[in-house]
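Proteins come first, then strands; the chains are lettered A, B, ... in the order of their sequence lines, and each starts at number 1. Remember, it's a predicted structure, so these values are computed and weren't measured experimentally.
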Amino acid sequence: MKKEDTVKLISSEGMEFVIDKEAAMVSQTIRNMLTSPGGFAEAEHGVVTFPEINAVILEKICQYFYWSLQYSRGKETDDSLSFVIRGFSFVAESTPDWCSCLRGSVYVVLHCMVAYLQISCVIVLT
Amino acid sequence: MSAQKKKAFQIEAFKHRVVVDPKYAEKTWKILEHAIHEIYNHNASGLSFEELYRNAYNMVLHKFGEKLYSGLVTTMTSHLKEISSSVEAAQGGLFLDELNRKWAEHNKAMQMIRDILMYMDRTFIPSTHKTPVHELGLNLWRDVVIHSYAIQSRLQAILLENVRRERSGEVIDRGLMRSITKMLMDLGPSVYQDDFEKHFLEVSADFYRLESQEFIESCDCGEYLKKAERRLNEEIERVSHYMDARSEVRITNVVEKEMIENHMHRLVQMENSGLVNMIVDEKYEDLGRMYCLFRRVPNGLVLVRDVMTSYIRDTGKQLVTDPERLKDPVDFVQHLLDLKDKYDKIITSAFSNDKTFQNALNSSFEYFINLTSRSPEFISLFVDDKLRKGLRGVTEEDVELVLDKVMMLFRYLQEKDIFEKYYKQHLAKRLLSGKTVSEDAERSLIVKLKTECGYQFTSKLEGMFTDMKTSQDTMQGFHASQDVDIADGPMLSVQVLTTGSWPTQPITTCNLPAEIMGICEKFRNYYLGTHTGRRLSWQTNMGTADLKATFGKGQKHELNVSTYQMCVLMLFNNADRLSYKEIEQATEIPASDLKRCLQSLACVKGKNVLRKEPMSKDIADTDTFLFNDKFTSKFFKVKIGTVAAQRESEPENQETRQRVEEDRKPQIEAAIVRIMKARRVLDHNNIVAEVTKQLQSRFLPNPVVIKKRIESLIEREFLERDKGFRCLLVVLLSSNFRPPCPVHHLLTLYLFFELEKDNARGGVLLGSEEFYRCWLCRLPEKSCYSHAISVIDNAELRGG
């Protein structure tokens with residue numbers, strides 16, 4: 001992966017996730033961070049710090065990004081909710097003991113993704 | 001899927017931390033306020049988007065959205081006030097530049113701010129129905145900067161000044177103008193219109209009002225139109241470069257109104273350069289320009305068309321009422337054709353073939369061609385001239401062209417039946433003297449007439465051609481049947497004409513010389529031998545003869561003369577000198593014809609085979625004629641006076657017209673009866689209208705004549721006046737229709753035949769007794785008419 005195509009997401013504990021820009025921009029918020037004019041720090045350095053999101057959640061979110069890209073390419077007209085549920089179950093199933101690692105309910109994660117990170121496929125649950 | 005369905009889930013908000021700090025809102029706001037300042041001061045690099053976004057997000061989440069929003073409004077407003085002052089301070093030419101630059105910066109700042117405050121924009125604002133951030137930014141810019149007291153009027157003034165400068169030829173910064181007008185449009189269409197466009201249109205109207213006044217005093221029509229066109233194009237180009245596209249139609253309306261509509265009458269009527277002059281001088285480019293420009297304004301083309309029409313009508317009227325012009329028919333018609341060509345060219349090349357102009361041209365021609373009663377005759381004479389000599393050596397296509405043009409003039413004639421009469425006469429002369437240039441051309445014209453007017457129009461004309469052909473065959477048969485010794489005597493060539501097809505000629509007296517009589521009798525016997533039951537009468541006023549003559553010094557000539565002339569000349573075989581009276585007695589030719597004949601034999605230089613005493617130009621009863629021994633001519637064959645068709649003298653003209661009027665009467669009567677058969681009951685005015693409609697392809701019937709015909713039909717009991725109505729003349733078919741003496745009354749037969757056509761004897765559906773009784777009964781007036789109709793209908797059903 002070329003440097004220009006990637007972005008680094010840093011969790012509250014300091015764990016770094018380097019992912020494709022295209023994947024990261026599934027989140028409208030991250031997209032704005034990187035493309036807003038005026039020279040914000042994130043766009044300058046290609047690094048986004050999330051002091052309030054822990055590594056476990058951030059990891060799930062990154063996985064969701066990739067899953068979303070993969071599946072949205074093939075199925076343009078998919079029903080939003082079923083897409084969400086499939087996405088959600090992907091997130092849930094990929095790590096069996098995932099729930100216990102979370103601080104709070106799984107829906108909190110969803111709200112983070114939806115409201116905070118503006119991930120549009122999940123928007124329906126806002 | 002809507003959110004409503006999911007209300008069952010309890011979604012806890014993703015909150016970053018529980019808020020305990022009472023000054024939380026204030027602290028968070030301060031961070032954001034600072035960021036906004038930095039953004040406006042171009043100091044934003046290095047700020048963390050995530051941090052700002054998170055703070056705004058938290059404020060909204062913790063129900064401090066109101067504070068955030070109002071803080072935003074306040075901060076933005078104060079920054080915009082600063083900007084406003086800096087723009088105001090800009091000097092002269094830099095004003096627009098500064099405004100434009102600040103506007104670009106503001107847009108960039110707004111985008112950054114909106115991105116940071118995105119969560120508020122998407123959740124808090126819709127639910128509280130506040131103005132979204134972007135729109136808020138535009139509104140504040142509009143209110144604080146553009147509509148600030150100092151800036152608003154100055155901006156408007158500078159924009160309009162730039163336009164004015166450009167109009168007077170200066171070059172201005174169009175890119176800058178574009179950015180500014182685009183800014184106004186972004187702020188809202190009403191801003192663009194109220195702050196700029198409205199005033200732009202007003203100022204432009206004033207400008208063009210003045211300029212058009214100036215131009216019209218100093219320029220002629222063509223120049224003025226060029227200038228107007230240039231200005232129009234300029235404005236269109238100007239709009240495309242730096243205004244909203246919707247302004248184009250508005251500004252062009254202004255230019256059109258001020259430069260064209262307000263002056264259109266003056267332009268069209270301008271002396272020496274107006275519409276009429278353009279037409280006369282064939283200024284196609286100017287005319288085309290006038291058409292394009294005037295098309296843009298209401299009633300512009302109507303004005304052009306009206307002026308053109310009245311000009312055409314006037315010049316046409318002058319042409320047809322000018323007695324000089326009327327002396328030469330061929331020239332007259334050629335003039336008409338040239339005129340039509342000229343106007344056609346104008347309409348095709350300058351008026352883009354506009355149909356309304358074509359129609360106006362056609363109606364004008366129709367108007368003035370029918371102003372003189374001579375038109376039908378002259379058109380026939382024109383054709384005659386062409387078919388005798390004018391079309392000699394012309395290609396087939398060109399012949400068709402000329403004939404089509406003639407047909408075009410023919411269509412304009414209202415009195416087509418008069419044309420028919422003359423055409424028949426002229427055609428007869430051409431055929432009998434063998435003087436037609438091309439039989440194909442003749443036939444082609446007949447076909448065209450048939451297509452235009454129907455079979456009846458040309459059936460007789462075609463009969464004439466048939467007769468000519470048949471005569472050829474007859475002559476062959478005749479010569480074959482005769483003995484050889486005939487070759488010594490005079491050679492006879494006969495054309496047998498069927499009476500109905502050829503123009504009626506009065507039978508004149510004429511004593512043919514004995515030698516001729518002999519062979520004529522032989523022919524008569526031959527012909528009647530093969531065609532029993534027919535009657536032949538020699539038309540001595542139409543034939544020709546070739547005579548071999550020997551003069552004093554032995555010079556021989558062959559003379560081509562008319563039959564009358566032959567009769568006169570043959571007399572001089574037995575006498576050297578004869579008086580007028582003697583000649584008259586011997587030949588029994590009618591006086592006027594005889595005089596004309598003698599004149600052509602004795603008084604025409606180069607053709608005087610006779611000498612006259614005294615040597616005057618006119619023939620008197622007391623003159624004496626001698627054979628002219630001293631006659632000389634360069635040519636062996638001398639042609640003496642077969643006169644081509646001439647335009648008629650006044651009395652002849654009157655006579656022809658009268659004959660045509662007589663012919664019209666039965667046509668009118670037939671039309672009346674045809675109409676009444678269909679309608680049964682009809683009032684006078686409607687009858688007149690219907691008759692006119694039916695006959696208009698042949699001629700325009702005179703309503704007075706129609707009335708007379710109706711009365712005549714009533715007298716002869718074809719029609720009946722209705723007894724029930726007092727005010728309307730209601731006429732219906734008589735119920736006891738019986739034609740009087742059909743054998744003797746030719747006319748009645750004709751009408752009777754009309755009625756007999758589909759076995760409804762005089763429309764006798766009215767004949768039943770029941771109807772008669774009903775008709776006589778006294779019914780209240782109002783229902784009389786409808787009652788009559790219903791009875792007629794019922795009678796029809798029962799089969800009368």
Query raised in the report: Going from CZ on B:Arg122 to CD on A:Gln28, what distance comes out if it is rounded to the nearest 0.5 angstrom?
Result: 7.5 Å

Query raised in the report: What is the minimum heavy-atom distance between B:Gly46 and A:Ala41, and which atoms define it?
Result: O-CB, 3.8 Å

Query - From CD (A:Glu44) to OG (B:Ser48), nearest 0.5 Å - result: 12.5 Å

Report summary line: So, the part of A:Thr35 with a heavy atom under 4.5 Å from chain B: the answer is neither

Query raised in the report: Is there a side-chain contact between A:Phe50 and B:Arg54 (heavy atoms, below 4.5 Å)?
Result: no

Query raised in the report: In this structure, are over 12 heavy atoms from other groups packed under 6.0 Å from B:His37 atom NE2?
Result: yes

Query raised in the report: Is the count of non-hydrogen atoms from other residues, nucleotides or ligands lying under 6.0 Å from B:Lys108 atom NZ greater than 12?
Result: no

Report task. Mind running side-chain contact (heavy atoms from CB on, under 4.5 Å) on B:Tyr53 and A:Asn32 for me, showing each step along the way? Result -> CA-CA 10 Å; B:Tyr53 180 82; A:Asn32 284 348; over 6 Å; no

Requested in this report: Please tell me if the side chains of B:Leu52 and A:Phe40 come closer than 4.5 Å, counting only heavy atoms from C-beta onward.
Outcome: yes

Query - Atom NZ of B:Lys67 with >12 non-hydrogen neighbours under 6.0 angstrom - result: yes

Query raised in the report: Which answer fits B:Met112, side chain, backbone, both or neither, if we ask what part of it has an atom under 4.5 Å from a heavy atom of chain A?
Result: both

Report summary line: Minimal heavy-atom distance between B:Ala44 and A:Gly38, with the atoms involved, is CB-O, 3.6 Å

Report task. Work out which heavy atom in B:Phe49 is nearest to a heavy atom in A:Glu42; give both atom names and the distance. Result -> N-OE1, 2.8 Å

Query raised in the report: Counting only heavy atoms not in B:Arg174, do more than 12 fall under 6.0 Å of its CZ?
Result: yes

Requested in this report: Work out which heavy atom in B:Glu50 is nearest to a heavy atom in A:Val48; give both atom names and the distance.
Outcome: CG-CG1, 4.3 Å

